[in-house]
Amino acid sequence: MALLGFVQCKTIPLRKVKSIRENLREKGLLKNFLEEHNDMIQNRLTENSDPQKTVSTVPMRNYLDKVYVGNISIGTPPQHFSVVFDTGSADTWVPSIYCQSNACATHNIFDPFQSTTFEFPGFIVDLHYAVGTITGFLGHDTIQVL
């Protein structure tokens with residue numbers, strides 16, 4: 001059995017936007033933000049009496065400086081999003097109509113009911129990151145890089 005694949009190379013237009021660090025600095029809030037969220041920025045080691053269960057987390061230190069975004073569309077008809085392309089992941093995450101975070105109020109949200117190509121296999125996802133947990137569902141749809 002052989003697996004054959006074809007990769008089409010495409011230049012992806014990116015645009016520079018102000019980083020979180022630049023926005024906070026302009027508003028005079030950077031120093032307070034860094035002091036209040038020091039645990040997100042520094043390496044952490046959670047000690048445990050059992051060395052086999054010691055957990056070490058190393059959060060990305062440069063997360064405030066992600067400044068290049070590109071455009072994608074998801075679904076049929078297309079719903080448009082600006083995203084930071086994550087080269088360390090095979091997944092694409094966008095907020096949906098079910099998002100209850102304050103961040104979703106200022107971003108485009110995906111409505112699976114508006115897409116005729118959306119498939120919901122029924123998998124709930126619970127991801128644990130160093131700074132919190134994200135819960136959502138796994139779906140399949142058409143994605144186009146614009």
Side-chain angles (χ1 to χ4, degrees), residues 1-30 32-46 52-146:
M1 183 166 143
L3 178 63
L4 299 175
F6 174 73
V7 176
Q8 179 182 1
C9 294
K10 178 178 178 175
T11 301
I12 301 171
L14 299 176
R15 68 183 185 285
K16 187 177 186 308
V17 296
K18 286 184 183 178
S19 68
I20 295 172
R21 185 182 310 273
E22 289 170 316
N23 282 317
L24 290 171
R25 185 177 289 127
E26 284 178 5
K27 295 174 183 173
L29 301 172
L30 181 61
N32 288 345
F33 178 86
L34 294 174
E35 288 172 356
E36 291 174 15
H37 297 89
N38 190 40
D39 61 327
M40 290 173 41
I41 298 164
Q42 300 299 318
N43 292 350
R44 296 191 315 238
L45 180 65
T46 305
Q52 296 290 343
K53 295 182 181 178
T54 298
V55 177
S56 176
T57 60
V58 183
M60 288 192 316
R61 292 175 181 254
N62 208 20
Y63 74 97
L64 293 174
D65 293 323
K66 290 183 181 177
V67 294
Y68 293 96
V69 298
N71 295 319
I72 65 170
S73 68
I74 303 175
T76 308
Q79 299 175 47
H80 298 277
F81 299 88
S82 292
V83 296
V84 174
F85 291 102
D86 181 358
T87 58
S89 175
D91 302 318
T92 300
W93 299 99
V94 295
S96 78
I97 58 173
Y98 302 106
C99 181
Q100 297 177 1
S101 166
N102 289 337
C104 294
T106 60
H107 292 84
N108 288 355
I109 56 173
F110 178 69
D111 185 346
F113 296 106
Q114 298 301 314
S115 175
T116 59
T117 51
F118 179 77
E119 297 176 22
F120 176 58
F123 300 116
I124 302 299
V125 179
D126 193 24
L127 300 173
H128 301 277
Y129 293 98
V131 295
T133 300
I134 295 176
T135 301
F137 61 87
L138 184 62
H140 300 276
D141 210 332
T142 302
I143 297 179
Q144 183 177 6
V145 178
L146 304 173

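All figures in this text were calculated on a predicted structure; none of them were measured in a lab.
With rounding to the nearest 0.5 angstrom, the CG atom of Leu34 is 9.0 Å from the CZ atom of Arg25. Rounded to the nearest 0.5 angstrom, Leu29 CG and Leu24 CG are separated by 6.0 Å.
Ser73 is linked by a side chain to side chain contact (heavy atoms under 4.5 Å, CB included) to Pro78, His80, Gln144, Leu146, counting only residues two or more places apart in sequence or in another chain. For Asp111, the side-chain hydrogen bond (donor to acceptor under 3.5 Å, both in side chains) test picks out no residue, with sequence neighbours left out. Applying the ring-ring contact (aromatic ring centres under 6.0 Å, His included) criterion to Phe81, with sequence neighbours excluded, gives no partner residue. Under the rule for a salt bridge (Lys or Arg N to Asp or Glu O under 4.0 Å), the partners of Lys16 that lie at least two apart in sequence or sit in another chain are Glu22.
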Give the table of side-chain donor-acceptor pairs shorter than 3.5 Å for residues 115-125, with sequence neighbours excluded, one pair per line with atom names and distance.
unit_1 : atom_1 : unit_2 : atom_2 : d
Ser115 : OG     : Thr76  : N      : 3.1
Ser115 : OG     : Thr117 : N      : 3.3
Ser115 : OG     : Thr117 : OG1    : 3.2
Ser115 : OG     : Phe118 : N      : 3.4
Ser115 : OG     : Asp141 : OD1    : 3.4
Ser115 : OG     : Asp141 : OD2    : 2.7
Thr116 : OG1    : Thr76  : O      : 3.3
Thr117 : OG1    : Thr76  : N      : 3.4
Thr117 : OG1    : Thr76  : OG1    : 3.1
Thr117 : OG1    : Asp141 : OD1    : 2.4

Which donor-acceptor pairs under 3.5 Å do the side chains of residues 95-102 make with protein atoms, sequence neighbours left out?
unit_1 : atom_1 : unit_2 : atom_2 : d
Ser96  : OG     : Tyr98  : N      : 3.1
Ser101 : OG     : Ala103 : N      : 3.1

